[in-house]
Amino acid sequence: MTTTGILLLAILILGFLITFQIAKASEYVSVLKGEKKAFEQNNRINAFLMVVFLVLGLVGVWWCNKMLYPKTLMPYPAASEHGKNIDTMLMITIAITGIVFVITQVLLFWFAFKYQHSEKRTAFYYPHNNKLEVLWTTVPAIALCVLVGFGLFYWFRMTGDAPENAMQVEITGKQFGWIYRYPGKDNTFGKKYYRNIDEATGNQLGLLWTDTTIIKKDRDNNPVGEAKLKADPAGFDDLVDNTAMYLVKGVPVKLIINSRDVIHDVGLPHFRLKMDAVPGTPTTMWFTPQYTTEEMKKITNNPKFEYEISCDQMCGNGHYSMRGVIKVVTPEEFILWKAKMKPAYAIAFPAPEAAKPAADSTGAAAGVKDTLKTVASSHK
């Protein structure tokens, strides 16, 4: 046992001994004073402590809220249209439960003080009342049904069909990080197969870049057949990145969520969204970013602000390190970023360089400008 453990154990034993001695001393005092007098004194003290606990408890709730509220995301606006609705629903829920909490706590402790034991009155036996039973059963039930109904409505909107103009981004969780994929010029994701995953060749997602023959095996690892997979040209221009997910302000985005190994969870706290990432079962959700990263830096008064992706599912020893970054940019910035990206296929299979004339910086710069113009015109 460590030194800290021994110290904590000693403190616990000491606390137990002190409590035991105080209880014994109280018992001796009761005997000396007489049982009745001691009972009346304890009754008054306990009743007074009920009021003290009520006041200190409510002050503690207010103090904790004042201290911790700035550390939450609630002081800042939600960064998506869906997030605003979620915030509204959350505030309504907090208001209802807060009012009920205060009323019940005040009544509970105040009644304990006001109706403390007294020989001048006797307790009224009131075992049952059908009207009260119906009232305090149906009212909370109706309130919960309304709140759950709002939640389901927003859930179906978030996971329903995305607008036709929505951009698509695939996000895949792995131990321990995120992989982002964008379709290329054909706006179509290439097919993939998990047995093609090969970090050494840069194929993080198992894209079908070449014809592949899969040997099927039984539980005893004996070959029982084969499956031939054709290369999918649609994946040759797919963009794969691990650094950050780029989104465009005001443009709906449909996330296609996958996992490469275990169950992860794509948490987007600033957008008030989350969705499980399950191996072999793609899930989807869509939203529309409302503020660019630069705008959020000003709103939060934090020059280092970044939209964050958190894994909201305990997925292994390195779970804590699965912090992803989202860059919400303007359409022009997105076009420039996309123009600089190279397809994963082109990185894995670089074309042999043809003989080139002497370097001409003026010509190269002009070529880049022409490329940007072409990309810009294709997105108008």
Side-chain angles (χ1 to χ4, degrees), residues 79-81 162-172 177-190 202-205 207 233-257 266 268 270-271 273 286-300 302-309 323-351 353-354 356 359-380:
S80 72
E81 194 64 36
E164 293 183 356
N165 63 334
M167 62 182 290
Q168 297 190 53
V169 182
E170 183 189 76
I171 175 170
T172 302
W178 301 101
I179 307 169
Y180 316 108
R181 181 163 69 131
Y182 296 80
K185 293 181 180 178
D186 58 0
N187 203 30
T188 304
F189 286 113
N203 196 354
Q204 302 181 70
L205 298 172
L207 296 174
F236 291 176
D237 60 353
D238 287 358
L239 307 176
V240 180
D241 189 29
N242 299 86
T243 56
M245 180 164 64
Y246 278 74
L247 304 178
V248 183
K249 174 187 174 181
V251 176
V253 54
K254 177 183 178 181
L255 293 186
I256 303 168
I257 301 168
V266 178
L268 309 176
H270 300 97
F271 302 96
L273 301 170
W286 73 273
F287 61 97
T288 305
Q290 297 293 302
Y291 308 103
T292 65
T293 299
E294 294 300 322
E295 289 173 339
M296 281 300 283
K297 288 180 180 178
K298 297 177 182 176
I299 292 173
T300 60
N302 178 11
K304 297 181 180 179
F305 174 84
E306 295 284 2
Y307 286 112
E308 182 178 311
I309 305 173
R323 179 181 183 272
V325 174
I326 297 177
K327 300 278 189 183
V328 179
V329 297
T330 62
E332 294 76 15
E333 291 171 330
F334 182 77
I335 291 171
L336 287 173
W337 169 80
K338 201 169 182 179
K340 295 176 182 176
M341 294 290 292
K342 291 182 66 175
Y345 177 82
I347 297 174
F349 302 97
E353 293 188 6
K356 294 181 179 179
D360 182 356
S361 58
T362 305
V368 172
K369 290 181 179 179
D370 291 342
T371 302
L372 294 180
K373 289 180 179 178
T374 303
V375 174
S377 61
S378 66
H379 285 76
K380 286 182 179 180

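Since we're looking at a predicted model, the values are computed, not measured.
Residue K338 holds its NZ atom at 14.0 Å from OH of Y246, rounded to the nearest 0.5 Å. To the nearest 0.5 Å, atoms CD (E170) and CG (L239) are separated by 12.0 Å. For the atom pair E308 CD and H270 NE2, the distance stands at 6.5 Å (nearest 0.5 Å). In this structure, OG1 in T293 is found 6.5 Å from CZ in F305, a value given to the nearest 0.5 Å. To the nearest 0.5 Å, atoms CG (D238) and CG (L207) are separated by 6.0 Å. Atom-to-atom distance recorded for W286:CH2 and L273:CG is 10.5 Å, nearest 0.5 angstrom.
Scanning both residues, A162 and A166, for their nearest heavy atoms gives CB-CB, 4.0 Å. The two residues Q168 and Y182 come nearest to each other via the heavy atoms O-CD2, 4.4 Å. Between Y180 and G324, the shortest heavy-atom contact is OH-CA, 3.7 Å.
Using a 4.5 Å heavy-atom threshold, the side chains of M167 and F334 count as touching. Side-chain contact between W337 and V329: absent, with no pair of heavy atoms (C-beta onward) separated by less than 4.5 Å.
With V240 as the partner, the side chain to side chain contact (heavy atoms under 4.5 Å, CB included) test is satisfied by one option alone out of K342, M341, R181: R181.
Residues D186 and T188 have side chains that never bring a donor and an acceptor to within less than 3.5 angstrom of each other.
F271 has its ring centre less than 6.0 Å from the ring centre of Y307.
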Point to revise | Evaluation steps, side chain to side chain contact (heavy atoms under 4.5 Å, CB included), between E306 and M296 | key: CA-CA 8 Å; E306 295 284 2; M296 281 300 283; over 6 Å; no

Exercise for review: Quick one: do W178 and I309 satisfy side chain to side chain contact (heavy atoms under 4.5 Å, CB included)? Show the steps, please.
Suggested key: CA-CA 9 Å; W178 301 101; I309 305 173; 3.9 Å; yes

Only distances under 3.5 Å count here; give the side-chain donor-acceptor pairs of residues 247-257 to other protein atoms, sequence neighbours excluded, each with its distance to 0.1 Å.
| from | atom 1 | to | atom 2 | distance (Å) |
| --- | --- | --- | --- | --- |
| K249 | NZ | E295 | OE1 | 3.3 |
| K249 | NZ | E295 | OE2 | 2.9 |

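The local environment of NZ in K297 is crowded, with over 12 non-hydrogen atoms from other residues, nucleotides or ligands closer than 6.0 Å.
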